[in-house]
There are 2 protein chains.
Amino acid sequence: METKQSGPGQGGLIGRPRGFDADEALERAMLVFWEHGYEGASLARLTNAMGISTTSMYAAFGNKEALFRKALERYTEGPSAYLPRALEEPTALGVATAILAGTVRTTTRPAQPNGCLGVQSALTVSDAGKEVRDLLVAWRDNGYSLIRERFQRAVDDGDLPPETDPRLLARYLTALGYGIAVQAASGVGRDELQEMADAALRNWPLS
Amino acid sequence: METKQSGPGQGGLIGRPRGFDADEALERAMLVFWEHGYEGASLARLTNAMGISTTSMYAAFGNKEALFRKALERYTEGPSAYLPRALEEPTALGVATAILAGTVRTTTRPAQPNGCLGVQSALTVSDAGKEVRDLLVAWRDNGYSLIRERFQRAVDDGDLPPETDPRLLARYLTALGYGIAVQAASGVGRDELQEMADAALRNWPLS
DNA sequence: CGACTTCTGCGGCGATCGATACAGAAGTCG
DNA sequence: CGACTTCTGTATCGATCGCCGCAGAAGTCG
């Protein structure tokens, strides 16, 4: 579902045009969700960061949950875009190296919140947030599946030893990624995390 | 700071005695915080699970934040007690193995919430929760330091190669632990996580 | 211009948040 | 028993939560 009504470019050219840039506003909202989580980000804080009123937010995005879904899409295609790129590396080791390096960079970028939006936005929630928690569980599971399938292909291609279990290898890599994200959210520095990632991949492919 | 007033055993024997078991109530509160996080656990839900009124909770524990601090202490001495025990293993590999095994067991116990209270209770918070978030950052950092110091001792004792960096090794192990906790919170099963932990430690000590 | 459509700001909705005031119940003391 | 201390249930506080009704502003159409 796209942003409702006007928006630059496509249909709905009659009536008063929107007075703000919906993309820019969504970017700001994503950063707030990233820093404070889904339930920790209040409408007041979100709309203040977006520079619009709650009415305009509801007209453009629907409600808080819909806004979060759009913000997660934006995160997937922006800060988290290193994942699909990493999967195109020619070797499994190259894939793993690129994933961890991308995770370290994205979770410790100075101008952005620390950590990973997909991990820290809704690990625990009140009753009202269950759907968003499940959405993020599915988001993480999708990332895991992409990695597992890539490693399966590496086994099929002979890039990884035939006795390798792509499931376990993907679990291992995602665990390291989540661990990096949690440590980044806790203030651990980029260089230290990158050194750790390098050391972790010095033994490959585990067994 | 102990539980205020009565409590079975020590001072304050005059006046009406407390009508509930404070330890039992704290256990229930810990489980609610574990499942829903600090801000996701409302007073209504907490006191309902504890079987007492808000008035009794405030009289016994002070306020929500103080209740959480007590619950975290209880978590540290209960579900998380595998950590200090693991540090007493004779070899660094034994320590690492015990830590990961303890993490897997604690984060996937059927009768308890999935995941780790110390990781998922307050990764992101609203303004009101900053102190609790910082408390948990310090809690995790304390765990990391204990592991790092244990590995430093292993290097000093010749159990680990002299070129080993205890900092990186501790970062690696905590990252795996956090990664296991996040996956457990997402519903990944115990056996799969334990297999992954086993595979991760098949190469040791990394470099 | 006038008709029409859409967006925006103000104000407020009911619900829930964490936290308390108050009075009576339930005990231990002399 | 009566004086005293503490605990408990009810009822509610002000603040904030996500959300929306309404009227006017600001545009595009003919």
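A, B, ... follow the sequence lines: proteins, then strands. Residue 1 opens every chain.
The CZ atom of A:Phe20 sits 15 Å away from the C1' atom of D:dG27 (whole-angstrom rounding). If you measure from atom CE of B:Met57 to atom P of D:dT8, you get 13 Å, rounded to the nearest angstrom. We find that CG of B:Asn48 is positioned 16 Å from C1' of C:dG18, with the value rounded to whole Å. Straight-line distance from the OH atom of B:Tyr58 to the P atom of C:dC22: 18 Å, rounded to whole Å. Going from atom OH of B:Tyr38 over to atom C1' of C:dG18 covers 9 Å, rounded to whole Å. Atom CZ in A:Arg18 sits about 15 Å away from atom P in D:dG27, given to the nearest Å. Following rounding to the nearest Å, A:Met50 (CE) and C:dT8 (P) show an atom-to-atom distance of 11 Å.
For the atom pair OG1 (A:Thr107) and OH (A:Tyr178), the distance works out to 13.5 Å, reported to the nearest 0.5 Å. To the nearest 0.5 Å, atom OH of residue B:Tyr75 and atom CG of residue B:Leu26 are 14.0 Å apart. For the atom pair CG of A:Asn142 and CG of A:Leu136, the computed distance is 12.0 Å after rounding to the nearest 0.5 Å. If you take CD on B:Gln183 and OG1 on B:Thr108, they are separated by 12.0 Å, rounding to the nearest 0.5 Å.
Side-chain contact check for A:Ser186 versus B:Tyr144: every heavy-atom pair is 4.5 Å or farther apart. Inter-residue side-chain proximity for B:Phe151 and B:Arg167 is flagged as unmet; no heavy-atom pair is nearer than 4.5 Å.
Ion pair A:Arg69/A:Glu65 flagged as a salt bridge, since at least one NZ, NE, NH1 or NH2 atom sits closer than 4.0 Å to an Asp/Glu carboxylate oxygen.
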(message) For B:Leu176 and B:Tyr172: C-alpha separation, side-chain torsions, deciding distance, then whether side-chain contact (heavy atoms from CB on, under 4.5 Å) applies.
(response) CA-CA 6 Å; B:Leu176 279 177; B:Tyr172 174 69; 3.7 Å; yes
(request) Kindly determine whether B:Leu100 and B:Leu193 satisfy side-chain contact (heavy atoms from CB on, under 4.5 Å), including the steps that lead there. (result) CA-CA 9 Å; B:Leu100 292 190; B:Leu193 292 176; over 6 Å; no
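Consecutive Watson-Crick or G-U pairs involving DNA chain C, each under 3.5 Å on both distances, make up stems of three or more pairs at C:1-30 with D:1-30.
Applying the side chain to side chain donor-acceptor pair (under 3.5 Å) definition to pairs two or more places apart or across chains, those involving residues 78-101 of chain A are A:Tyr82-A:Thr103.
A distance-only check finds no donor-acceptor pair linking the side chain of A:Arg133 to the backbone of A:Val125 [under 3.5 Å].
In the region residues 122-134 of chain B, proximity to DNA chain C at under 4.0 angstrom, judged on heavy atoms, holds for none of the residues.
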(request) Determine, for nucleotides 9-17 of chain D in 5'-to-3' order, which nucleotides have protein heavy atoms under 4.0 Å from the base (write B), from only the sugar-phosphate (write S), or from neither (write -). (result) BB------S
Would you tabulate the pairs of protein nitrogen or oxygen atoms and nucleotide nitrogen or oxygen atoms of nucleotides 23-26 of chain C closer than 3.5 angstrom?
unit_1, atom_1, unit_2, atom_2, d
C:dA25, N3, B:Arg16, NH1, 3.0
C:dA26, O4', B:Arg16, NE, 3.3

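Taking a 6.0 Å sphere around CD of A:Glu24, one finds it holds more than 12 heavy atoms contributed by other residues, nucleotides or ligands.
Residues that satisfy the ring-ring contact (aromatic ring centres under 6.0 Å, His included) test with A:Phe68, not counting sequence neighbours, are A:Phe33, A:Tyr38.
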